[in-house]
Amino acid sequence: MKCFMCKGQLDDKQTTFMVDIGSCIVIIKNVPSQVCTQCGEVSYDNNTARQLEAMIDSLRSSITEIAVVDYADRVA
């Protein structure tokens, strides 16, 4: 696969995904990703993106300000 930003080569790596959902900052560690060797752009396959969305949705009602979770611990 090629990077959609610069057409560089993608390597499979584990990265950290972070998002601010208003009431909480969510940090998800060890996310399976494709990282461009040229520009560093991170992308996810469809299944991983769906899992990330589900994880974020489940944390929306959290009363904490910061949530740090491990991807592998939350994926069935």
Side-chain angles (χ1 to χ4, degrees):
M1 248 172 103
K2 298 288 183 184
C3 175
F4 69 94
M5 297 293 283
C6 73
K7 307 302 182 217
Q9 183 64 36
L10 297 176
D11 282 346
D12 291 332
K13 293 187 176 187
Q14 290 188 342
T15 59
T16 300
F17 177 82
M18 293 184 281
V19 65
D20 182 345
I21 58 173
S23 61
C24 180
I25 295 174
V26 177
I27 302 168
I28 304 173
K29 303 184 313 180
N30 302 315
V31 180
S33 310
Q34 292 80 44
V35 180
C36 179
T37 58
Q38 185 168 306
C39 73
E41 180 72 19
V42 177
S43 58
Y44 309 100
D45 65 26
N46 291 337
N47 185 50
T48 300
R50 280 191 294 273
Q51 290 292 338
L52 288 170
E53 286 180 21
M55 293 167 76
I56 292 164
D57 285 343
S58 73
L59 294 167
R60 282 195 191 279
S61 62
S62 175
I63 28 180
T64 186
E65 290 185 34
I66 299 174
V68 180
V69 295
D70 192 296
Y71 183 86
D73 291 342
R74 302 284 299 229
V75 176

For the pair Val19 and Ile56, evaluate side chain to side chain contact (heavy atoms under 4.5 Å, CB included) and give the outcome as yes or no after the intermediate values. CA-CA 9 Å; Val19 65; Ile56 292 164; 3.7 Å; yes
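- The two atoms that bring Thr48 and Val31 nearest to each other are CG2-CG1, 3.7 Å, heavy atoms only.
- From Leu59, atom CG reaches atom CD1 of Ile25 across 13.0 Å, with rounding to the nearest 0.5 Å.
- To the nearest 0.5 Å, atoms CG (Asp45) and CZ (Arg50) are separated by 8.0 Å.
- You'll find the side chain of Gln14 stays beyond 4.5 Å of the side chain of Tyr71, heavy atoms only.
- What you find for Tyr44 and Pro32 is that their closest heavy atoms are CD2-O, 3.7 Å.
- For Asp73, there are no salt bridge (charged side-chain N to carboxylate O under 4.0 Å, His left out) partners at least two apart in sequence or on another chain.
- Atoms CE and CZ, on Met55 and Phe17 in that order, are 10.0 Å from each other to the nearest 0.5 Å.
- Cluster membership for Ile27 and Ile21, using ILVMFWY side-chain heavy atoms within less than 4.5 angstrom, is not shared.
- Cys36 approaches Gly8 most closely through the heavy-atom pair SG-CA, 3.9 Å.
- Residue pairs meeting the side chain to side chain donor-acceptor pair (under 3.5 Å) criterion with at least one partner in residues 29-39, sequence neighbours excluded, are Thr15-Ser33, Asn30-Asp70.
- Residues Met18 and Ile66 are members of one and the same hydrophobic cluster, defined by side-chain heavy-atom contacts under 4.5 angstrom among Ile, Leu, Val, Met, Phe, Trp and Tyr.
- Between the NZ atom of Lys7 and the NZ atom of Lys2 there is a distance of 10.5 Å, given to the nearest 0.5 Å.
- Distance check: Thr16 OG1 to Ile28 CD1 gives 10.0 Å after rounding to the nearest 0.5 Å.
- Nearest heavy-atom pair across Cys24 and Ala67 is SG-N, 3.8 Å.
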